[in-house]
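All remarks here apply to the structure that follows.
Only heavy atoms go into these numbers, but all of them, side chains included; no hydrogens, no water, no symmetry mates. All chains are named by letter (A, B, ...) in the order of the sequence lines, taking the proteins before the strands, and each is independently numbered beginning at 1.
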Protein chains: 2
Amino acid sequence: MDVKTLCLGLLSARPASGYDLKKEFEGLFKHFFPAGYGSIYPALADLAAAKLVECECIEQRGRPDRKLYRITPAGMHAFEQALRQSSPRHRLRSEFLATLYFADLMEPERLQELLEQRVIEMRETVEDIDAIVKAQGQQMSGGAHFVAGFGAALAAAATRYIEQHESLLFEQPSIKRQATA
Amino acid sequence: MDVKTLCLGLLSARPASGYDLKKEFEGLFKHFFPAGYGSIYPALADLAAAKLVECECIEQRGRPDRKLYRITPAGMHAFEQALRQSSPRHRLRSEFLATLYFADLMEPERLQELLEQRVIEMRETVEDIDAIVKAQGQQMSGGAHFVAGFGAALAAAATRYIEQHESLLFEQPSIKRQATA
DNA sequence: TGCAGCATGTAATTTGTTACATGATTAA
DNA sequence: TTAATCATGTAACAAATTACATGCTGCA
């Protein structure tokens, strides 16, 4: 599943422009599948070229045509196939953890700063997700609810872990490193 | 922080070959910063070109020379700078969640399959991390312990969440989709 | 007057993945 | 004999990020 397929999936619920999709990516998806214009617009062009979506150009005064993309039956079929095929990955890539692995090379102040920053971001994630659910909960599908809760649960667990275990990072170094001089 | 910088960091603890580093990436790092030969070998070549590491070629019978890389003072300095600069990201990219967002388009059997698969993988993650800590706990730095615990805590939280909330996915669809015919 | 929002896209770059290519040693 | 381990790498490809490029509308 790549951005292209996800765009197709979002279009399975309702027609939208690239701009609209970007706003969707700024909602829930931000927290587990971020994407920007740079991937969305090319994705839509590809989907249109493959006839999985159709494009209706809506003229507007003073701005570029609004291009409203609508999924085709072939597109719907392709998306359902995509959901069936392949085992979806779930991957974490954390420079944060990679950095903390080397805590013994870092100043305590720097460590503290990183931890605080991370806790703030995780709290913001939880708050953002909660706000989305409060605002759109009625119209959200079971899948959307599940995903929202999942993201919030992970963020909360990360916060809790940091608060309960940060002391591990401030111990005296036990690993011998190469002499640098 | 990219694979190159991480390799440099690993070399700050001890000299190693690309093959050795790959084994490290198959340990703890597998769970939050995966990398394969395809990124490791080029990274080492780049680091050597930048004089951040030195290479000692050790001849062997019947196999390619073992290339043992050793960090230089300049490399050590560069790595410490890297730890100081830039706010490290912590990003999730989950095709798993993106897929489940569309649960109402999926067969219950398929859903069940995905959930089970994910629970198994998460359990394996926890077990793998626990095994690493049991085996190497004595020599692991505080940072390594923190990171190991973090990974295990996240995986455990994910498992718990799935088990407690999977029913959300099996509700009747409430979202209206486009007619496909 | 200035900023946020609407609305499109391209191009260069970065990064990493996957497949390819080779081949001896050693333990089961 | 067969599989795992040791040991190196390159090349093609895929994907996404970032920066660039443009410009009106409408609100405060």
| request: For Q60(A) and dG23(D), give me the distance from atom CD to atom C1', rounded to whole Å. | output: 13 Å
| L6(B) CG - dT15(C) P separation (whole Å) | 13 Å
| message | Given dG9(D), dT8(C), dA16(D), identify the nucleotide with an atom nearest to the side chain of K67(A). | response | dT8(C)
| message | Can you measure D20(B) atom CG to dT5(D) atom P for me and round it to whole angstrom units? | response | 15 Å
| task | Examine F170(A) and Y161(A) and state if one hydrophobic cluster contains both, with Ile, Leu, Val, Met, Phe, Trp and Tyr joined whenever side-chain heavy atoms are less than 4.5 Å apart. | result | yes
| message | Run Y37(B) and Y19(B) through side chain to side chain contact (heavy atoms under 4.5 Å, CB included) and show every step you take. | response | CA-CA 8 Å; Y37(B) 288 125; Y19(B) 192 81; 3.1 Å; yes
| Is any side-chain N of the basic residue among R160(B) and E163(B) closer than 4.0 Å to the acidic one's carboxylate O? | no
| message | Quick check on DNA chain D: between R63(A) and A35(A), whose nearest nucleotide comes earlier from the 5' end? | response | A35(A)
| remark: Regarding the side chain of D2(A), the nearest nucleotide among dT8(C), dG16(C), dA15(D) is dA15(D)
| message | Pairing donors with acceptors under 3.5 angstrom, does anything connect the side chains of D128(A) and T125(A)? | response | no
| query | Quick one: is dT15(C) close enough that its OP1 or OP2 comes under 4.0 Å of any side-chain N or O from S39(B)? | reply | no
| field | Spacing of K23(B) atom NZ relative to dT5(D) atom P, expressed in whole Å | value | 10 Å
| Between C1' of dC6(D) and CD of E26(B), the distance in whole Å | 13 Å
| note | In whole angstroms, the gap separating P of dT18(D) from CZ of R89(B) amounts to 7 Å
| said: Distance check needed: dT26(C) C1' versus R61(B) CZ, whole Å only. | reply: 11 Å
| said: Starting the side chain at C-beta, find the nucleotide from dT8(C), dA7(D), dA16(D) nearest to Y37(A). | reply: dT8(C)
| Of R91(A) and S17(A), whose closest DNA chain C nucleotide lies nearer the 5' terminus? | S17(A)
| field | Of G38(A) and R66(A), the one whose closest DNA chain C nucleotide lies more 5' | value | R66(A)
| message | Expressed as a whole number of angstroms, how long is the span from M1(A):CE to dA15(D):P? | response | 13 Å
| request: Measure from NZ or CZ of R89(B) to the centre of the six-membered ring of F96(A), then state whether that distance is under 6.0 Å and the direction lies within 45° of the axis. | output: no
